[in-house]
Amino acid sequence: MSLDERTGAAVEDLRRRSEVDPVDSLARLQQAYHGRRTNRAVVLALAVVLAVGGVAWGIGGPKTPEPAPPVAKVTNSQLVTWNREGLMTVGEPMLRVPENPGFPVISFSGDGHELLYTKKDGRVVASNLETGTERLLGRCDSPCVFAGVSADTTQIALSTAQVPVDDDGLVVVSDSGSRRIDTPGVQPYVPVWSADGSRIAFAAPQGLYVVGADGSGLRQLLASADERILALPPSWSPDGRSLAYVRGEPVPGEDNAGYDAIETSFTLVTVDVASGATRELTPLGTCECLGSTAPSVAWSPDGRLIGFTGVDNYTGVFAIPAQGGELERLSTRQGGSSLAWRPAVE
Amino acid sequence: MSDVPVTDWAVPGQQQPPRALEFEAFFVAELPRLVTLARGLCGAAIAEDVAQEAMLAAYRRWAHVSRLERPELWVRRACANLAVSQFRRKVVELRALTRLGNRRPLEELRDDNEEFWAAVRDLPSRQAQAAALRFIYDMPIADIGTALNCTPGTVKQHLSRARLALASRLGLDPEEAS
């Protein structure tokens with residue numbers, strides 16, 4: 001069989017077996033477009049389920065917070081990024097690294113012993129890097145693609161894009177129950193906890209935001225130049241005063257009329273959370289990022305450096321002083337759209 | 001940067017805007033092959049959702065899209081871009097799970113045809129998009145260029161490389177005529 005014959009057969013098979021009912025699909029599209037009201041019955045049911053913490057959150061559950069330990073010295077250990085091939089470690093190989101987490105949102109526990117991520121089956125787990133033992137933190141009925149776990153692993157924040165309600169916001173779940181954080185008109189993507197667990201930062205199509213873990217003080221720190229630009233997760237400084245953020249700008253002159261894929265020039269910036277003051281550190285490259293990973297960023301545990309993965313001419317894994325300065329290339333391998341820096345606590 | 005002077009896919013020199021289409025007729029006519037395109041580029045599991053998301057984008061912008069000379073190219077581009085964008089697809093998957101509910105899954109392809117489309121999905125994004133648009137719609141080179149915002153020369157290059165890569169992957173001679 002020639003390539004043309006093979007192609008023809010494959011196309012015919014694909015067409016024949018991809019039939020859908022356009023009338024039914026149109027009804028659902030219109031419902032999706034017009035049905036923006038909160039489904040109160042569903043919200044109440046969800047609240048009950050989450051408050052009970054049983055059905056939706058499975059066994060184990062998040063750890064009960066322990067008293068704060070004495071101040072310890074924190075240094076930087078490995079960087080980990082998730083790309084198509086799985087988890088990639090920059091630095092000394094870790095003993096027990098999961099092969100491939102389900103979704104590209106990874107972080108470390110505050111003590112550096114566990115990698116926190118979501119498996120493909122919707123379980124949010126803490127994987128011990130010395131023993132390989134997995135501890136179940138929670139389970140979502142739908143995959144927890146945008147699950148942010150606090151450093152002490154006691155709280156999980158989810159974007160409401162993952163739960164059956166139409167209102168924008170976050171749902172925070174812990175041993176003591178669940179609570180909603182409303183972000184009207186702003187759809188959070190990946191929520192990221194400050195080290196002390198008191199605040200959550202997130203990127204949305206509208207820009208960069210921060211909110212108290214109790215839902216208070218929602219503020220926009222940066223406005224997005226274009227809502228089609230990828231809303232990439234920020235990274236907190238260890239002292240909670242700043243955020244490292246991948247800011248995007250549409251490339252001038254490009255015909256960006258297409259849906260949701262625009263040529264974007266990315267820049268690593270830091271943002272002072274109190275004042276909103278922004279400092280540019282380095283370009284991160286330019287791409288539409290179709291089929292490829294987008295830049296990612298991770299503040300070092302000791303606060304001195306910011307690690308990042310770039311695109312285009314900045315492909316690889318890099319570090320730059322948090323106050324600005326020369327880049328150091330840590331790896332030429334392409335990083336992924338999630339980056340985490342492991343702390344070593346002495 | 002494209003050197004094709006394309007703006008909203010309007011025909012240069014056209015005096016009158018095209019007659020506004022009814023969205024419903026557009027949707028019914030375009031959706032089936034849009035699902036096919038999405039399936040070719042991202043697999044059966046979310047093909048309907050990706051196509052639906054592209055149509056939803058068109059619906060939201062219908063005042064603009066309906067006045068384009070080729071609104072079907074706009075939505076095919078939207079679908080093709082969404083289908084190959086891993087990050088954006090995750091958002092589609094989430095919204096699909098919560099919004100569109102359970103549906104009858106698409107029929108499975110024959111093994112050898114599934115292998116073919118898996119090979120297409122493994123191509124670099126632009127090659128995969130160009131190949132899928134060519135195969136599924138039998139689209140002219142110029143239209144593919146319009147949809148993907150690149151020159152006809154670039155489209156030919158994408159198609160040529162895609163052909164070589166597919167032939168190599170499938171163990172076929174790219175030059176052998178059917």
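Naming convention: chains lettered A, B, ... in sequence-line order (proteins, then strands); numbering from 1 in each chain. Note: hydrogens, waters and symmetry copies are ignored here, and every other heavy atom, side chains too, is used.
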- Query: Counting N and O atoms only, with roles assigned by atom type, does the side chain of B:Asn113 sit under 3.5 Å from a partner on the main chain of A:Val11, one being a donor and the other an acceptor?
  - Reply: no
Is it the case that the side chain of A:Arg6 and the backbone of B:Asp112 share a donor-acceptor pair, with hydrogens and angles ignored and the cut-off at 3.5 Å?
yes
Would you compute the distance between atom [atom1] of [X] and atom [atom2] of [Y] and round it to the nearest 0.5 angstrom?
X: B:Leu172; Y: A:Asp4; atom1: CG; atom2: CG; value: 10.0 Å
X: A:Leu14; Y: B:Glu107; atom1: CG; atom2: CD; value: 11.5 Å
X: A:Glu12; Y: B:Arg110; atom1: CD; atom2: CZ; value: 11.5 Å

Take a 6.0 Å sphere around CD of B:Glu108 and say whether it holds more than 12 heavy atoms from other residues, nucleotides or ligands. no
Pair count under 4.5 Å, heavy atoms only, with chain A: among B:Val28, B:Ile136, B:Leu109, highest is B:Leu109
* Can you tell me if B:Arg39 and A:Ser18 form a side-chain donor-acceptor pair at under 3.5 Å? ->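 Yes, because at least one side-chain N or O of B:Arg39 sits under 3.5 Å from a partner of the opposite role on A:Ser18.
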So A:Val20 and B:Gln52, do their side chains get closer than 4.5 Å, heavy atoms only?
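Heavy-atom side-chain distance check fails, nothing below 4.5 Å.
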| request: Please tell me if the side chains of B:Arg163 and A:Leu3 come closer than 4.5 Å, counting only heavy atoms from C-beta onward. | output: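 With C-beta onward as the side chain, the pair touches.
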(request) Would you mind checking which part of B:Glu30 comes under 4.5 Å of any heavy atom in chain A, side chain (CB onward), backbone (N, CA, C, O), both or neither? (result)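 Neither; nothing under 4.5 Å.
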Closest heavy-atom pair, B:Phe116 versus A:Ala10, reported as atoms and distance to 0.1 Å, is CD2-CB, 3.3 Å
Next on the checklist: Between B:Arg33 and A:Glu19, does any NZ, NE, NH1 or NH2 come within less than 4.0 Å of an OD or OE carboxylate oxygen?
Outcome noted: no
Answer key: most heavy-atom pairs under 4.5 Å with chain B among A:Gly8, A:Pro22, A:Ala9 is A:Pro22
